[in-house]
Amino acid sequence: MEKRVKTESKRRKQGLAAACAVLGGVLVLSACNDGGGKSAKADSSSSAQAAADKADKAAEKDTSDAKITIAPKNGANNVGINSDTKVTVADGKLTDVTLTSADGAKVDGKISADGLSWAPEKVLKRSATYKITATAADAKGRQAHENASFTTVSPKNSFIGNFTPEDGSTVGVGMPVSVNFDKAITNKKDVQAKITVSSSSGQEVVGHWFGAQRLDFRPEEYWKENSTVTMKMDLDGVEGSNGITGVQEKTVTFKIGRNQVSTVDANTHTMTVTQDGKVVKTIPISAGSPEHPTYNGRMVISEKYKQTRMNGATVGFTDDDGKGEYDIKDVPHAMRLSASGTFIHGNYWGAKSIFGSANTSHGCVGLADVKGAGDDGTMAAWFYNNSITGDVVVMKNSHDKTIQPDNGLNGWNMNWAQWKAGSAV
């Protein structure tokens, strides 16, 4: 039994050895066969690549010479909304450019007369994504194409300046250029340097900062009558504070009218109106009472209302119940002199005898008028009809302090040295 087992084991080992030898031969043979297949495939692949390269070179040889450049670059963020977007071409001319917003709305633009550039015709929206597709052709008529998308700066990361006066308006000689920014400005020098104000009269114009969000411009003396003032804002891309950039490019032009300055005397209860240095009217008035005197100083008419509501509660004049000491819903011929509520306006509720003889108001300057502002023969109507925003009203001999320069458009209450000291450039 034991001997038989050993014999069978020996035979098995010999058989396995032979099988391994055969399998070894097969494996060697198979390895040679696989090597031959890879070589064939490589030759085929190499041939295909050579053909593809040849085709690519042929296509490249016939491609357009026109080279389109789109600004901003594809994928750009925080892009300015004014002049940052532009398409240009070299060695060719633009044939079509399309700018669309995310909702598919097309933005009007124009290819230049020479065909070398394109730009949108209006300001883009903030926080908006746009796509540009551009096509150009070279001298042989071969076309080139380019595409890009970008996102404009968000309100969170940008600032704007709201300004007065309006473009194309005619204003009085006291009207400053006043810019109110919607965010605090820390880089005042950089921002002010990009806002220029000039006058056809040649007067020197200087800016003055009131805090971090307001910048006013004025000359040393009132603007010259009948002159033209131009403000240019070039704030697109200017950093106002860390991470906050400007988005405005704007030119504003306005006219200065005749020189009208009206002087109110609280002692004599009269207002003397001069135009171009000549007295044209003397009007009896009623200024602020001894308890509520009118501010002294030079004030500029900033708004005009044929009729308006005046509620004492809005300016701190309240009764014990918290309601306004007065609430007149139809004050006629009202013109604002301060941000804190000083007006020169018509008064139909007071006795006619107070005008020219007594000061009875809560700080305003009152002129005789009628309810409804319908009588052009009243003193209040005359003054309203002959005044424009920017006209100066000078208050003197009141028992109150001089109005603060930033309370309304009243920077004229600073001398020239003080004014220039507030400039950042």
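Just so you know, residue 1 is the first one in the sequence shown, and it goes up from there.
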_Inter-residue atom distance Ile283.CD1 - His269.NE2, 0.5 Å rounding_ = 16.0 Å
*asked:* How about CD on Glu166, more than 12 heavy atoms from neighbouring residues, nucleotides or ligands closer than 6.0 Å, or not?
replied: no
*Between Lys122 and Asp108, is there a salt bridge with N-O shorter than 4.0 Å?*
no
*Can you tell me if Ser286 uses its side chain to pair, donor with acceptor, with the backbone of Ala358 under 3.5 Å?*
yes
*Residue pair Lys125 / Ser101, side-chain heavy-atom distance below 4.5 Å*: no
*Sequence neighbours excluded, which residues qualify as side-chain contact (heavy atoms from CB on, under 4.5 Å) partners of Asp114?*
Ser112, Leu116
*Taking all atoms of both residues into account, what is the closest heavy-atom pair of Gly161 and Met233, and its distance?*
O-CE, 4.2 Å
*For Asn385 and Ala381, indicate whether the former's side chain and the latter's backbone hold a donor-acceptor pair under 3.5 Å.*
yes
_Considering all heavy atoms, the nearest Pro165-Val177 contact_ = CD-CA, 4.3 Å
*asked:* Check this for me: Lys352, atom NZ, are more than 12 non-hydrogen atoms of other residues, nucleotides or ligands nearer than 6.0 Å?
replied: yes
*If you take all heavy atoms of Gly411 and Phe210, which pair is closest and at what distance?*
CA-CZ, 4.5 Å
*asked:* Tell me which pairs pass salt bridge (charged side-chain N to carboxylate O under 4.0 Å, His left out) where either residue lies in residues 377-397, with sequence neighbours left out.
replied: Arg258-Asp391
*Approximate separation, where rounding is to 0.5 Å, of Met335 CE and Glu303 CD*: 12.5 Å
*Would Arg218 and Asp216 pass as an ion pair if we require N to O under 4.0 Å?*
no
*Which pair of non-hydrogen atoms, one from Val171 and one from Ile388, has the smallest distance, and what is that distance?*
C-CD1, 3.4 Å
*Can you sort out the partners of Thr186 under side-chain contact (heavy atoms from CB on, under 4.5 Å), two or more places apart, ordered by chain and number?*
Ser241
*For residues Val97 and Ile132, determine if any side-chain heavy atom of one lies less than 4.5 Å from a side-chain heavy atom of the other.*
yes
*Kindly write out the residues that satisfy side-chain contact (heavy atoms from CB on, under 4.5 Å) with Ala119, not counting sequence neighbours, or none if the list is empty.*
none
*Do Ile328 and Tyr348 have side chains that get closer than 4.5 Å, going by heavy atoms?*
yes
*Report yes or no: do Asn162 and Asn180 form a side-chain donor-acceptor pair below 3.5 Å?*
no
*asked:* Side chains of Ser199 and Lys224, heavy atoms from C-beta outward: is any pair under 4.5 Å?
replied: no
*Does any N or O in the side chain of Gln275 come within less than 3.5 Å of the main-chain N or O of Val279, such that one atom is a donor and the other an acceptor?*
no
*Check the pair Phe150, Asp84 against side chain to side chain contact (heavy atoms under 4.5 Å, CB included), reporting the backbone distance first and the verdict last.*
CA-CA 11 Å; Phe150 60 88; Asp84 281 9; over 6 Å; no
*asked:* If you compare all heavy atoms of Lys232 against all heavy atoms of Thr251, which two are closest, and at what distance to 0.1 Å?
replied: CG-OG1, 3.8 Å
_Check: Asp167 side chain, Thr253 main-chain N or O, donor-acceptor pair, under 3.5 Å_ = yes
*Taking Arg214 for its side chain and Asp406 for its backbone only, find out whether a donor-acceptor pair lies under 3.5 Å.*
yes
*Verdict with supporting geometry, Thr270 and Thr282, side-chain hydrogen bond (donor to acceptor under 3.5 Å, both in side chains)*: CA-CA 7 Å; Thr270 59; Thr282 299; over 6 Å; no
*I would like to know whether Phe181 and Leu235 meet side chain to side chain contact (heavy atoms under 4.5 Å, CB included); could you show each step before the answer?*
CA-CA 12 Å; Phe181 300 102; Leu235 294 173; 4.2 Å; yes
Between side-chain atoms of residues 398-405 and protein atoms elsewhere (two or more places apart, or another chain), which donor-acceptor pairs fall under 3.5 Å?
| unit_1 | atom_1 | unit_2 | atom_2 | d |
| --- | --- | --- | --- | --- |
| Ser398 | OG | Thr294 | N | 3.4 |
| Ser398 | OG | Thr294 | O | 2.5 |

Between side-chain atoms of residues 88-95 and protein atoms elsewhere (two or more places apart, or another chain), which donor-acceptor pairs fall under 3.5 Å?
| unit_1 | atom_1 | unit_2 | atom_2 | d |
| --- | --- | --- | --- | --- |
| Asp91 | OD2 | Lys67 | NZ | 3.1 |
| Thr95 | OG1 | Thr135 | O | 3.2 |

*Within a reach of under 6.0 Å around NZ of Lys86, are more than 12 heavy atoms found that belong to other residues, nucleotides or ligands?*
no
*With the side chain counted from C-beta on, respond yes when Thr151 and Val79 share a heavy-atom pair under 4.5 Å apart, and no when they do not.*
no
*Less than 4.5 Å apart, any side-chain heavy atom of Thr85 and any of Pro72?*
yes
*At what distance, to the nearest 0.5 angstrom, does CG of Asn410 lie from OH of Tyr295?*
10.5 Å
*Stepwise side chain to side chain contact (heavy atoms under 4.5 Å, CB included) check, Tyr222 with Val300*: CA-CA 11 Å; Tyr222 299 138; Val300 173; over 6 Å; no
*Between the side chain of Thr274 and the main-chain N/O of Val261, is any donor-acceptor distance below 3.5 Å?*
yes
*Supply the atom-to-atom distance Asn296 CG to Asn413 CG, rounded to the nearest 0.5 angstrom.*
9.5 Å
*To the nearest 0.5 Å, how far apart are CD in Glu220 and CD in Glu204?*
8.0 Å
*Any donor-acceptor N/O pair, Asp138 side chain to Ser64 backbone, under 3.5 Å*: no
*Just by distance, do the side chain of His208 and the backbone of Trp419 share a donor-acceptor pair under 3.5 Å?*
yes
*Ring geometry between His292 and His362 (parallel below 30°, tilted from 30 to 60°, perpendicular above 60°)*: parallel
_I'd like to know if the side chain of Ser357 and the backbone of Ser353 have a donor-acceptor N/O pair within less than 3.5 Å._
yes
*Measure the spacing between OG of Ser423 and CH2 of Trp209 and express it to the nearest 0.5 Å.*
9.5 Å
*What is the minimum heavy-atom distance between Ser387 and Gln260, and which atoms define it?*
OG-NE2, 3.3 Å
*Donor-acceptor pair, Thr152 side chain versus Ser127 backbone, under 3.5 Å?*
yes
*Does any donor atom in the side chain of Thr100 or Lys106 lie under 3.5 Å from an acceptor atom in the other side chain?*
no
*So, do Met271 and Val273 sit near enough that their side-chain heavy atoms are less than 4.5 Å apart?*
yes
*Could you walk me through whether Ser83 and Asp236 pass the side chain to side chain contact (heavy atoms under 4.5 Å, CB included) check?*
CA-CA 8 Å; Ser83 57; Asp236 198 15; 4.0 Å; yes
*Heavy-atom neighbours of Lys250 NZ exceed 12 at 6.0 Å*: no
*Are any of the side-chain heavy atoms of Trp416 and Glu221 separated by less than 4.5 Å?*
no
